[in-house]
Structure formats: C-alpha cells, structure tokens
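We count ligands from 1, going down the list as the structure has it; atoms in each ligand are counted the same way. Throughout, residue positions are numbered sequentially from 1 according to the sequence presented. As the structure is a computational prediction, the values presented were derived from the model and not from experiment.
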Amino acid sequence: MKVTIVGAGNVGATCADVISYRGIASEVVLVDIKEGFAEGKAMDIMQCATTTVFNTQLSGTTGDYTKTAGSDVVVITSGIPRKPGMTREELIGINAGIVKSVADNVLTHSPNAIIVVVSNPMDTMTYLTLKATGLPKNRVIGMGGALDSSRFKYYLSKALDKPANDVQGMVIGGHGDTTMIPLTRLASYNGVPVSNFLSQAELDKVAADTMVGGATLTGLLGTSAWYAPGASVAYLVDSILNDQKRMIPCSVFLEGEYGQEDICMGVPCIIGKNGVEKIVDVQLNDAEKALFAKSADAVRNMNADLKSVL
Ligand SMILES: NC(=O)C1=CN([C@@H]2O[C@H](COP(=O)(O)OP(=O)(O)OC[C@H]3O[C@@H](n4cnc5c(N)ncnc54)[C@H](O)[C@@H]3O)[C@@H](O)[C@H]2O)C=CC1
Ligand SMILES: O=C([O-])CC(=O)C(=O)O
C-alpha cells in the first residue's frame, strides 16, 4: 500500500517516520516545496531501517507529483503552523490556497486516494478539500479528534495517576481551542466512569487543559506540536490501510448527523478501507448538544471565509 504525505515538515516527517517503523504501508512518498527538503527527510528516515528495523520504502520529492501516482492514502500537512499567541484560525489565509492546490495535484495522479487533511484550521481545510475536489464524503477525513482524544487521555491519566492506556475517552466537535468537546461524562478508567475517582472541578480542569493542549505545546515549543500529531495521523492511516474499522473521532461531512448539515466537524467514525465507513451516533445530553451546536456555529463562521478560494 502506498501513502503520500504532502508537507515534509514537523508533522509530515514524524508521520512518515511512524508509518515506516510500524510497517503500516509498503511505500511512503514525502512531498515538499522546499528544494531537497523532502528528499533529505526521506533519506534520514530510511537510514533508520536497519536500527528500528523496517522494510517500508520511503522517498522524497520537491514537487514532482508523478512520484505520488497510485497512492491509496494522501495526507495533507502542507502549510504554516501557528506561533505562540496565535489561534489555528489565523492560518486560514495562507493555508487555504496551499491545501486547495495540493488536493488538486494529488488527485491528478491518485484519483482513487482517500485524503487525510491535517493542515489548520483543520475542520475548515477538510470542508474546503471536500468542496473543491467534489470527492465523495467517505474519502475526505480531517485528523484532529484522534490527537485531541490522546491529549484528553493523557490529562485524565495524570489526574487519575494511572497509566494512559487504562483510560478511555473521546473528544468531538471542532479542532479549536474553544470548539473542542472532551466528553468527560463518557470517559472511563478501564470501564469505570472517571467521575468515580475525580471531582467535577478536577474533570473541568482536565477538559480545559485538553482544549488548550495544542496552544500549551505551541507556547512551550515556539511552533505547534508534531510527535503526537504525526503519530495520530499514522494511527488513522493504519485503520484505513489495514481495514481495522477502529472508532476514531474525525472531522467528516455531516448531513443531519448531530443536528448539523453542510459542515465538517469531529464526530466518532468507523474508519476502514473505504475511509469513513460509518458515523457513530452517540447520544449526547442537552449540555453536550448545546456545546456541539456552539462549536458548529464557530466552524461555520470560519468556513464562510473560504468564499475567495471556493
Ligand atoms: N490537525 C491537527 O491535529 C494538527 C495540525 N497541524 C497543522 O499541520 C500543518 C503543518 O504543521 P508542521 O508540520 O508543524 O509545519 P512545518 O512548517 O514544520 O511543515 C509544513 C511544511 O509544508 C511545506 N509546504 C508549504 N507549502 C507547500 C506546498 N504548496 N506544497 C508542499 N509542501 C508545502 C513547507 O515547506 C513545510 O516543510 C500546520 O498547518 C499545523 O497547524 C499541526 C499539528 C496538529
Ligand atoms: O496547536 C496547533 O496549532 C497544532 C494543532 O492543531 C495541535 O497540535 O493540536
């Protein structure tokens, strides 16, 4: 199976690295516009083949999309990341044009690919990709919920003082500092509701920390995060390529689900070889429904800014 990753920067290269050493795909092509950059990243990762022990064939190209031909999955990470103090939404002006032209280029050579959108503001970039390409909705998937959920589980595990892998939880809604919805009511420690162990104030803090998880890292690092984002993309790609049918919150096109239409937002999805195979309808309570509607209003406002590119 072949994966193309456009953008060989922090997130793209990390994703290529994880896909390679975990043997998720047989071939990975990295594409970037910076001369020699994707080639260099691919060569560096390939030189891990005998130490981390993998057989994935990784190559890089400066903008030659013929090398991406026949990809099963294309990941779009090209664009600028935010700096401390910025929101993801502020990136739309530059990233919309980049994402649209990249989507056109990849589809010319891989007309059957499933596209995973990572560039921010991710929900709006996913909507743009869907509208600009006219692809069926199962083949355009925004990655954000997998990452936000892994951060949620990290903060829950810290509050519980228990291993993160014993914690279950999910974040839905928009992938923004104020639009994410960590579902604390449904989170569990090995099946036992976390409310058995944590007070409401502790749960509220976990939710608040999760929502600004990306901003916290941006403040610490000077640019946005990449290890967990890259690994989260690889996790999603694994479920597609290996038809794992995992339930992963992803930003997908809604047509009435969760009370929303004509928008891409994070909801739990079954992800398999056909991309989005099902949207799982989780019964939200009234407070969660209100948060989802508010989140949708914010994402819809952002989508309105796409008028000049669509
Ligand atoms: N959805 C999510 O959960 C996450 C999204 N992001 C977003 O992913 C994007 C990438 O972040 P980083 O990798 O940290 O940035 P980065 O700056 O390290 O890498 C971006 C790369 O894209 C390349 N690029 C720009 N225009 C291009 C084009 N037209 N064609 C091919 N390559 C092009 C740049 O040369 C650069 O190497 C940002 O928009 C960031 O906000 C980052 C983390 C998580
Ligand atoms: O915070 C950012 O700008 C990058 C991102 O989406 C994340 O790490 O969640």
Side-chain angles (χ1 to χ4, degrees), residues 4-17 29-42 60-65 67-68 74-106 116-126 128-129 141-152 154 171 173-180 182 209-236 248-251 264-266:
T4 284
I5 301 170
V6 186
N10 284 336
V11 178
T14 304
C15 175
D17 191 30
V29 179
L30 271 171
V31 184
D32 207 284
I33 42 163
K34 254 187 270 172
E35 189 67 43
F37 192 61
E39 290 87 334
K41 288 289 177 109
T61 168
T62 307
D64 179 0
Y65 280 86
K67 304 236 168 85
T68 69
V74 173
V75 177
I76 302 180
T77 74
S78 46
I80 56 163
R82 63 172 156 169
K83 296 246 181 309
M86 289 174 75
T87 65
R88 296 175 180 87
E89 286 75 10
E90 289 173 65
L91 306 173
I92 189 171
I94 294 181
N95 286 355
I98 294 175
V99 168
K100 185 169 184 286
S101 72
V102 164
D104 288 344
N105 280 332
V106 290
V116 175
V117 181
V118 182
S119 310
N120 273 315
M122 182 277 294
D123 300 289
T124 297
M125 294 302 102
T126 305
L128 167 65
T129 303
I141 310 176
M143 195 299 294
L147 171 63
D148 301 332
S149 300
S150 70
R151 287 184 179 144
F152 184 35
Y154 163 83
V171 177
H175 179 62
D177 296 344
T178 57
T179 57
M180 272 175 222
D209 287 346
T210 301
M211 291 173 76
V212 296
T216 299
L217 285 162
T218 304
L220 292 168
L221 298 166
T223 183
S224 58
W226 59 90
Y227 292 112
S232 301
V233 179
Y235 176 79
L236 181 59
I248 304 174
C250 296
S251 186
C264 291
M265 276 180 74

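- Remark: ligand 2 atoms within the under-4.0 Å shell around heavy atoms of Leu147 are 7 (C), 8 (O), 9 (O).
- Residue contacts with ligand 1 for Leu147 involve side-chain atoms from C-beta outward but no N, CA, C or O (heavy atoms, distance under 4.0 Å).
- For the ligand labelled ligand 1, residue Thr223 lies outside the 4.0 Å heavy-atom shell.
- For ligand 1, the atoms lying closer than 4.0 Å to a non-hydrogen atom of Lys34 are 35 (O), 37 (O).
- Residue Met122 does not touch ligand 2, judged by heavy-atom distances below 4.0 Å.
- Each of the atoms 31 (C) of ligand 1 lies under 4.0 Å from some heavy atom of Val6.
- Looking at Ile80 next to ligand 1, an N or O pair under 3.5 Å apart turns up.
- If you look at Leu217 next to ligand 2, there are no close heavy atoms at all, none under 4.0 Å.
- Using a 4.5 Å heavy-atom threshold, the side chains of Met125 and Ile76 count as separate.
- Within the 4.0 Å heavy-atom criterion, the part of Ile98 lying near ligand 1 is the side chain and not the backbone.
- The closest approach between a heavy atom of Trp226 and any atom of ligand 1 is not below 4.0 Å.
- Set against the non-hydrogen atoms of Asn95, the atoms of ligand 1 under 4.0 Å away are 39 (O).
- At a 4.0 Å cut-off, not a single heavy atom of Arg88 sits close enough to ligand 1 to count as contact.
- Closest heavy-atom approach to atom 26 (N) of ligand 1 within the set Ile33, Val31, Ile94: this belongs to Ile33.
- For ligand 1, the atoms closer than 4.0 angstrom to any heavy atom of Asn120 are 4 (C), 5 (C), 6 (N), 7 (C), 39 (O), 40 (C), 41 (O).
- Here Ser101 has no heavy atoms under 4.0 Å from ligand 1, in either its backbone or its side chain.
- Counting only heavy atoms of the protein, atom 8 (O) of ligand 2 lies nearest to Arg151 NH2, 2.8 Å.
- Counting heavy atoms closer than 4.0 Å to ligand 1, residue Pro229 contributes side-chain atoms (C-beta onward) but none from N, CA, C or O.
- For ligand 1, the atoms closer than 4.0 angstrom to any heavy atom of Met122 are 1 (N).
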Please table the atom pairs, donor to acceptor, closer than 3.5 Å between any side-chain atom in residues 210-234 and protein atoms at least two apart or in another chain.
unit_1	atom_1	unit_2	atom_2	d
Thr210	OG1	Val206	O	2.7
Thr216	OG1	Val212	O	2.9
Thr218	OG1	Gly214	O	2.7
Ser232	OG	Ala228	O	2.7

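- Of the protein's non-hydrogen atoms, the one nearest atom 3 (O) of ligand 2 is Arg82 NE, 2.6 Å.
- For Gly12, no nitrogen or oxygen atom sits less than 3.5 Å from a nitrogen or oxygen atom of ligand 1, counting backbone and side chain alike.
- Given atom 6 (O) of ligand 2, the protein heavy atom at minimum distance is His175 NE2, 2.6 Å.
- At a heavy-atom distance under 4.0 Å, no atom of Lys83 approaches ligand 2.
- Near Phe37, the atoms of ligand 1 lying under 4.0 angstrom from a non-hydrogen atom of the residue are 37 (O).
- Near Leu91, meaning under 4.0 Å from one of its heavy atoms, ligand 1 places the atoms 41 (O).
- In terms of protein heavy atoms, atom 35 (O) of ligand 1 is closest to Asp32 OD1, 2.6 Å.
- For atom 4 (C) of ligand 2, the nearest non-hydrogen atom from the set Gly176, Gly213, Ser224, Gly214 belongs to Ser224.
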